[in-house]
Protein chains: 2
Amino acid sequence: MNYSEFKKLVNLSKEEISGQILERNRNSIKVKKEKKVIDNLIRIIDATLAICSKKSFQAMSIRDLSAESGLSRGALYSYFTNKEELLVLIQTQGREIAYQVLTDQIAKGSDPLEKLRLAIKSHIYLSEAMRNWFYFTYIEARNLPKDEQKRAIESELQTEKIFIDIINEGVKEQVFRDDNVVLAAAVIKAMLQDWYLKRWKYRSRKVSVDEYADFVIHVAESILLIK
Amino acid sequence: MNYSEFKKLVNLSKEEISGQILERNRNSIKVKKEKKVIDNLIRIIDATLAICSKKSFQAMSIRDLSAESGLSRGALYSYFTNKEELLVLIQTQGREIAYQVLTDQIAKGSDPLEKLRLAIKSHIYLSEAMRNWFYFTYIEARNLPKDEQKRAIESELQTEKIFIDIINEGVKEQVFRDDNVVLAAAVIKAMLQDWYLKRWKYRSRKVSVDEYADFVIHVAESILLIK
DNA sequence: AAAAAAAGGACGGATGTCCGTTTTTTTCTT
DNA sequence: AAGAAAAAAACGGACATCCGTCCTTTTTTT
């Protein structure tokens with residue numbers, strides 16, 4: 001699997017994503033017609049991610065968002081009850097998508113090594129396809145309210161657990177070394193994150209997403225595979 | 001070298017750091033007595049980093065800073081001309097310290113492998129000793145004014161270049177593999193950053209700084225060393 | 001007593017949010 | 001099918017609050 005195959009494989013329509021958001025937030029969304037809600041959620045989220053790729057969520061005013069999305073301030077407040085809720089809404093959905101896609105893809109692997117490769121590739125490819133979303137989810141997590149911060153942390157650990165489980169499975173089957181599994185998973189995760197946190201760097205160096213994914217797999221195998 | 005040896009070796013007194021800041025910002029600091037300036041700069045920076053480990057710099061008001069530092073709002077403005085300058089001041093100094101310590105330590109190594117180990121250890125140990133500072137420098141870089149953002153990017157590339165140079169030296173001496181040097185340096189850097197970006201994770205798992213540094217060295221050697 | 005430093009009131013501007021009004025869409029009636 | 005009535009959605013002015021910064025006054029130090 002390479003990136004262009006991944007994109008065809010994983011169908012991430014904006015309508016579908018906003019549909020999920022609507023389901024999760026029916027009670028705080030005051031507009032009734034589904035089509036209208038989904039259209040406007042797409043505009044709102046696109047606008048938020050666009051603005052927040054340049055400045056922080058806190059620095060983005062509702063007036064900024066109104067200008068970028070083309071909805072009035074009053075209209076915006078029909079889709080969330082306050083600014084913080086908008087942050088929570090996008091973050092929650094971002095984590096959900098990442099988890100869904102990751103577990104879906106891994107399920108296709110039949111042995112630990114294949115699963116590991118799938119996990120690495122699909123995480124990097126997904127963060128490439130949704131770079132603004134991933135960046136936002138990472139960088140704005142600290143501005144979440146306390147209880148939502150806890151959820152973000154749990155999600156991070158959950159993702160890491162996916163890698164830990166794959167590695168442990170490989171240890172049991174004697175394809176991977178039984179050597180600091182938890183740290184191995186942690187540094188793999190760190191490498192995955194670097195792709196969307198430092199995209200400017202890789203882009204300016206003309207490192208393609210496929211090249212990066214292959215390299216991370218190479219590193220992971222160097223640590224894990226029994227010689 | 002382990003962490004406690006590093007701390008004795010590298011003498012990072014707050015007075016010294018604030019002294020350097022004073023030198024760099026003599027024209028914008030209105031207070032004349034050096035001792036007073038240094039004392040208060042320490043209080044201001046300590047307070048800023050403490051507050052910003054909990055919320056963003058933008059979310060920190062001058063009133064917050066006043067309360068935490070014990071200086072009045074008016075007094076604060078004797079040490080910087082505006083809030084943004086305070087951000088720039090801390091960031092600049094943070095990058096400076098990191099670069100100084102890193103190059104100082106590396107110079108002690110006599111061969112590429114030793115230099116690589118020294119570079120990894122000193123970066124991780126330094127980020128451990130100054131975790132709030134490193135976290136702040138990383139996370140608030142995006143809120144810098146445009147030209148200072150450029151400086152931050154240059155600094156990041158410069159640090160990475162240190163690793164690239166070490167690896168290239170090793171390639172020439174045929175101790176390291178000649179295989180994607182730039183990406184190797186990039187992922188090493190990503191692992192270094194994870195230590196201060198995700199300290200809560202490593203702490204809760206009781207991973208010590210020495211253990212983490214050794215593991216990163218182990219990974220780096222797995223990628224680089226000729227078998 | 002003079003100089004230096006700190007204090008904190010005041011001000012203009014920006015922000016999140018509310019809510020009465022206007023516009024658009026849908027439904028109903030003829 | 002057309003137009004009126006009702007419902008839904010969007011609008012944007014207004015308000016209270018908070019913030020950065022300035023500047024005069026007070027306190028501390030020399």
Step-by-step side-chain hydrogen bond (donor to acceptor under 3.5 Å, both in side chains) determination, A/Lys115 to A/Gln105: CA-CA 8 Å; A/Lys115 281 186 191 172; A/Gln105 293 298 313; over 6 Å; no
For each nucleotide in nucleotides 21-30 of chain D, reading 5' to 3', give B when a protein heavy atom comes within less than 4.0 Å of its base, S when such contact involves only the sugar-phosphate, and - otherwise. B--------S
Taking the side chain as every heavy atom from C-beta outward, state whether A/Lys108 and A/Met1 have any pair of such atoms under 4.5 Å apart. no
Can you tell me how the ring of A/Phe134 sits relative to the ring of A/Tyr196, calling it parallel under 30°, perpendicular over 60° and tilted otherwise? perpendicular
In whole angstroms, how far is the P atom of D/dA9 from the CD1 atom of A/Ile29? 11 Å
Rounded to the Å, how far apart are A/Asp64 CG and C/dA14 C1'? 11 Å
In whole angstroms, how far is the C1' atom of C/dG8 from the CG atom of B/Leu71? 13 Å
Given D/dA10, is OP1 or OP2 found less than 4.0 Å from the side-chain N or O atoms of A/Ser72? no
Taking the six-membered ring for Trp, are A/Tyr135 and A/Tyr138 ring centroids under 6.0 Å apart? no
I need the NZ-P distance between A/Lys35 and C/dT26, as an integer number of Å. 11 Å
If only side-chain N and O atoms count, and only distance matters, is there a donor-acceptor pair under 3.5 Å linking A/Tyr202 with A/Asp194? yes
Between A/Ile44 (CD1) and D/dA10 (P), how many Å, whole number? 9 Å
Per the salt bridge (Lys or Arg N to Asp or Glu O under 4.0 Å) rule, what does the pair list look like for residues 7-22 of chain A, sequence neighbours excluded? A/Lys14-A/Asp46
For D/dT30, the nucleotide meeting Watson-Crick or G-U wobble distances (both under 3.5 Å) is C/dA1
Nucleotide C/dT17, atom P - distance to CG of A/Leu86 in whole Å: 10 Å
So, with a heavy-atom separation below 4.0 Å from DNA chain D, the residues of residues 47-61 of chain A are none
Nearest-Å distance for atom pair CD/P, residues A/Glu85 and C/dT17: 10 Å
Quick one, B/Phe6 and B/Ser122 - any side-chain contact, counting heavy atoms below 4.5 Å? yes
Sole candidate of B/Asp210, B/Asp214, B/Val216 that passes side-chain contact (heavy atoms from CB on, under 4.5 Å) when paired with B/Tyr212: B/Val216
Can you tell me how far P of C/dA7 sits from CG of B/Leu65, to the nearest Å? 13 Å
Is there a side-chain polar atom (N or O) of A/Asn40 under 4.0 Å from OP1 or OP2 of D/dA10? yes
Does a side-chain heavy-atom distance below 4.5 Å link B/Ile45 with B/Trp133? yes
